[in-house]
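All values reported here derive from a predicted model rather than from experimental measurement.
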Amino acid sequence: LGINGEGAEVLRRTRAWLMQEVALPDVQVPRESFTKLQGFVVDLDTLVSALDGRPPSIAELTALRDNLLVGMSIAASQALTRAVATTWSAAVPGLTRSAAAGYVTSWWDTGKTGDLARGIAQSAILELRQRVDMRMQATFAASGPRAGLTPSWRLEFDGNAEQKVPWFASAASVAESRAVAAGAPRGLA
């Protein structure tokens, strides 16, 4: 992600300096046992890491919202929402950036963590289901995929030969089918 700018660079330098200066617990301990400074450093690390492309957990976002980012400007809130939406959409298969941004924005306003988790899961499942349905139709309807969609076939290479196989066939099943077609006993290919 790598959000840049003078403000982001100041945050990165501040985090680097504080990480060297403040003793943080080596193991997972309850946040309640942190000093205020330790909590600040952990929250700053979460913020900068999100800006740099590491997806934060919902617990980390909640801590950010409730501590470090109280009274944050609208522009800063929008930048953080974009960063979180981008990292989450890259980390969660099927989750689009626009869906993630909508859920994060809604969560930021309401604080309903259950709605955030449920919404993200449902959105990802529906998107993946639609992708699989379209691939199945393209595979079994004897037609190729529509423009912009994932191919319904892939090419498997075996030495010099290539073979067009359905997207869902495992490499092991393709190898076994080649062995059977070549007359070799099953399971010995």
Side-chain angles (χ1 to χ4, degrees), residues 1-4 8 28 42-43 45-66 69 72 74 76-158 161-181 186-187 189:
L1 185 61
I3 293 179
N4 294 312
Q28 288 283 24
V42 168
D43 291 342
D45 182 51
T46 299
L47 174 63
V48 173
S49 294
L51 295 177
D52 287 341
R54 184 187 66 80
S57 69
I58 294 174
E60 290 171 324
L61 276 182
T62 301
L64 271 178
R65 185 195 64 207
D66 295 346
L69 302 179
M72 154 171 86
I74 292 174
S77 173
Q78 290 172 342
L80 180 60
T81 298
R82 280 193 308 273
V84 171
T86 301
T87 60
W88 280 2
S89 66
V92 178
L95 181 63
T96 64
R97 187 174 26 209
S98 60
Y103 288 118
V104 170
T105 301
S106 175
W107 168 81
W108 200 268
D109 295 339
T110 65
K112 295 182 179 178
T113 302
D115 291 350
L116 173 64
R118 187 173 24 266
I120 286 175
Q122 287 174 345
S123 177
I125 289 168
L126 289 174
E127 179 69 21
L128 290 172
R129 180 182 298 152
Q130 181 184 10
R131 288 182 192 175
V132 168
D133 286 347
M134 285 191 277
R135 285 178 123 185
M136 295 295 283
Q137 289 173 3
T139 301
F140 295 110
S143 65
R146 294 188 303 256
L149 298 179
T150 306
S152 56
W153 303 92
R154 72 173 193 278
L155 294 177
E156 282 283 332
F157 297 96
D158 181 24
E162 70 181 38
Q163 181 180 3
K164 184 175 162 183
V165 298
W167 62 271
F168 56 84
S170 69
S173 66
V174 172
E176 186 172 341
S177 72
R178 282 192 185 127
V180 170
R186 283 187 164 211

(message) Does I58 form a side-chain contact (heavy atoms from CB on, under 4.5 Å) with L61? I'd like the steps, not just the answer.
(response) CA-CA 5 Å; I58 294 174; L61 276 182; 5.5 Å; no
(message) Within the structure provided, determine whether T105 and Q78 are in side-chain contact (heavy-atom separation under 4.5 Å).
(response)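 Contact flag for T105/Q78 side chains = no.
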Euclidean distance, [Y] [atom2] relative to [X] [atom1], rounded to 0.5 Å:
| X | Y | atom1 | atom2 | result |
| --- | --- | --- | --- | --- |
| R118 | T113 | CZ | OG1 | 10.5 Å |
| I74 | T81 | CD1 | OG1 | 11.5 Å |
| I125 | L95 | CD1 | CG | 11.0 Å |

Shortest non-hydrogen contact from [X] to [Y]?
| X | Y | value |
| --- | --- | --- |
| R97 | S89 | N-CB, 3.6 Å |
| L116 | V104 | CD1-N, 4.0 Å |
| A50 | A83 | O-CB, 3.7 Å |

(message) With side chain to side chain contact (heavy atoms under 4.5 Å, CB included) as the test, pick out the partner of P55 among T86, T87, V92.
(response)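 Of all the options given, the one that passes is T87.
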(message) Checking the side chain of W88 only, and the main-chain atoms of P56 only, is there a donor and an acceptor separated by less than 3.5 Å?
(response)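 Such a contact is found between W88 side chain and P56 backbone.
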(message) Test your reading of the model: is there a side-chain donor-acceptor pair from S49 to the backbone of D45, 3.5 Å cut-off?
(response)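 Answer holds: yes.
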